[in-house]
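Report on one structure; see the data block that follows.
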Amino acid sequence: MSTQSTPGIDDAGTTDHPSRSDGFVRGISGVIGGPLGDHATALDRPAGGERRFWTAVRIVLALACLTLALHWVQKSPCQDGAWQNNVQYTRFCYTDVLALYYAEGLNEGKVPYRDHPVEYPVLTGYFMGALGLPVHALGDGDPSINQAQWFYNLNALVLGALAVATVAVILALRRRRPWDAALFALAPALLLTATVNWDLLAIGLAAFGLLAWARKRPALAGVLLGLAGAAKLWPLFILGPILVLALRAARIRAALIAVGSAVAALVLVNLPPALAYRENWDRFFELNSTRPIDWGTLWYIGRYLDGKVGGDPTRLGPFEWLNVNIPTLNTLSYALFGLACLGVAVLALRAPRRPRLAQLAFLVVAAFLIFSKVWSQQFVLWLLPLVVLARPKWGAILAWQLAEVCYFVAFYGELLGAATSRPVFPEGVFVLAATLRLTTVVVLCVLIVREILHPERDAVRATYPDDPDGGVLDGAPDSPWLDRWRRPANKPAPEPATT
């Protein structure tokens, strides 16, 4: 009996090569001689079977380290904290890590939440204090130390380690597709925004949470996702897809364990400052409930269009009105996100084959960003590991990354213009860059939805039989109730087979 192999996969367990399996990479590989040949052996062994030192895994990890080193160099003009002549904008090196060392009182030895309100969830505040307070104590004893620079470099070291750990998790989840992790390791977004804020803390914890779920350890997965949610809220959204997929596969017990563990971890981390320093702890929620429309969001684009299409300058356009009426803006933003989540849930239950966890996780987090009133430059990092796991196709991801680079440049032009009161670009240029970023994220969502509806297009399922991130869901059959629910009311159930 003959078998037909999938392009890019020679046999079960053999490493996937993008130059064979990915149309975009196969096309551009012609510049350097074409796809990997049929008789190549050095990089064409079963996963884990390589004998040379420079295996695919080590190459990808080295590329991640190189990207992070280049990021450190790119931020170096700002590391001394002496930001003169708007160097933080002209050199594209602004980072909250340095700015908030002073703004959060860490340079004075203030303990987060106890002595100063913090605008971030508690685990990020703890992280800031754990690194900042020792630096302050050291600087107090030795005035020659530049505390801000030491604080930044210590953060860069830890956050960089978390980024490399995230790459290692992607490699562990994709043993047959190690080159997928290069999409994260080489991402321009990682190069430009890795230490703009502390987002890599949540990303690293969430990545380990996904790995624990894939290894069928739902309690540990919940704890890690709960801790990630205590650093930035978005990892908690991954619990929704876990619940929906578990419902479809009748594996609800494991999902409930994960959710319960996440809630317990989240509460335990938040409880001490919430009880002892309620007002300071509440700063994060207060800030997010009162913030107006921020730069680069869907709502910001709408405000710009208000000014272009409104006929009466004395009347507020709909988006400008929302910017003034912030409670209504909050309600509308949450409602749209809720509807998007409902749509993802229906898609997960109605799809011809159970979607993969990473596909739904990307759609939910992307929907949150699309409808959010805040979309900071570093939020691109939230989507990066999820899109690598959900749809590891180079062409669309590189197009999205190009849009993010354009937005990055336009954003710093906007910052410099605001600081000097002299616009660097016309406002329309920044709005165009924001629109391009928004559009590419929407396109990625559409492509992932298409692959959910047509699973034969899914590159990961061309390599794995089901869902390598699914844990207890991987290979599980659908629950019998699903067929009854999806069957039209006027269509009779199929007759049982007879012998």
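Checking side-chain atoms of Arg354 against main-chain N and O of Ala348 turns up no donor-acceptor pair under 3.5 Å. The backbone N or O of Leu322 lies less than 3.5 Å from no partner atom in the side chain of Thr328, so there is not a single donor-acceptor pair. Between the side chain of Asp467 and the backbone N or O of Leu473, no donor-acceptor pair lies under 3.5 Å. Formation of a donor-acceptor pair under 3.5 Å by the Asn323 side chain with backbone atoms of Ile293 is found in this model. Panel note: side chain Ser333, backbone Asn330; no donor-acceptor pair is recorded below 3.5 Å. Under the 3.5 Å distance criterion, the side-chain polar atoms of His116 are left unmatched by any main-chain donor or acceptor of Gly105.
The shortest distance between side-chain heavy atoms of Trp72 and Thr195 does not fall below 4.5 Å.
In this structure, Arg283 does not pair ionically with Glu119, as no charged nitrogen and carboxylate oxygen lie closer than 4.0 Å. Salt bridge Glu104/Lys110: absent, no basic N to carboxylate O contact under 4.0 Å. Salt-bridge annotation for Asp180 and Lys393: absent, with no side-chain N of the basic residue lying under 4.0 Å from a carboxylate O of the acidic one.
A search for disulfide (SG to SG under 2.5 Å) contacts involving Cys341 returns nothing, not counting sequence neighbours.
Between Phe284 and Tyr120, a ring centre-to-centre spacing not shorter than 6.0 Å is recorded.
Distance check, rounded to the nearest 0.5 Å: CG of Leu205 to CG of Leu227 gives 6.0 Å. How far CG of Leu287 is from CZ of Arg291: 5.0 Å, rounded to the nearest 0.5 Å. Taken from CG in Leu432 to OH in Tyr304, the straight-line distance is 9.0 Å, to the nearest 0.5 Å. The CG atom of Asp140 sits 10.5 Å away from the CD atom of Glu108 when rounded to the nearest 0.5 Å. Here Arg303 contributes atom CZ and Leu305 contributes atom CG; the two are 12.0 Å apart, rounded to the nearest 0.5 Å.
In terms of heavy-atom proximity, Asn86 sits nearest to Ala419 at OD1-CB, 3.6 Å. For the pair Cys93 and Gln74, the tightest heavy-atom approach, listed with the atom from each and the gap, is CB-O, 3.7 Å. Of all non-hydrogen atoms in Ala148 and Tyr102, the two that sit nearest each other are CB-OH, 3.2 Å. Contact record, Leu245 with Pro355: CD2-O, 3.5 Å, taken as the closest heavy-atom pair. In terms of heavy atoms, Leu159 sits closest to Leu201 at CD2-N, 3.9 Å.
Summarising the local packing, CH2 of Trp150 is surrounded by 12 or fewer heavy atoms from other residues, nucleotides or ligands at distances under 6.0 Å. In Arg253, the CZ atom is not crowded: 12 or fewer heavy atoms of neighbouring residues, nucleotides or ligands sit closer than 6.0 Å. For Arg217, the CZ atom counts as loosely surrounded, since its 6.0 Å shell holds 12 or fewer non-hydrogen atoms of other residues, nucleotides or ligands. Taking a 6.0 Å sphere around CG of Asn85, one finds it holds 12 or fewer heavy atoms contributed by other residues, nucleotides or ligands.
Within the cation-pi definition used here (under 6.0 Å to the ring centroid, within 45° of the axis), Arg437 does not qualify as a partner of Trp400.
Trp281 and Phe285 have tilted rings, their planes meeting at an angle from 30° to 60° on a 0 to 90° scale.
Test Phe411, Phe430, Phe319 against Tyr300 for ring pair (Phe, Tyr, Trp, His ring centres under 6.0 Å) and you get one pass: Phe430. In summary, of the residues considered (Val344, Ile448, Ile238), a side chain to side chain contact (heavy atoms under 4.5 Å, CB included) with Leu360 occurs for Val344 alone.
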With ring pair (Phe, Tyr, Trp, His ring centres under 6.0 Å) as the test, would you mind laying out the steps for Tyr412 and Phe92 before giving the verdict?
-> CA-CA 6 Å; Tyr412 273 86; Phe92 305 97; 5.5 Å; yes
Could you go through the ring pair (Phe, Tyr, Trp, His ring centres under 6.0 Å) check for Phe371 and Phe337 one step at a time?
-> CA-CA 6 Å; Phe371 296 117; Phe337 174 55; 8.0 Å; no
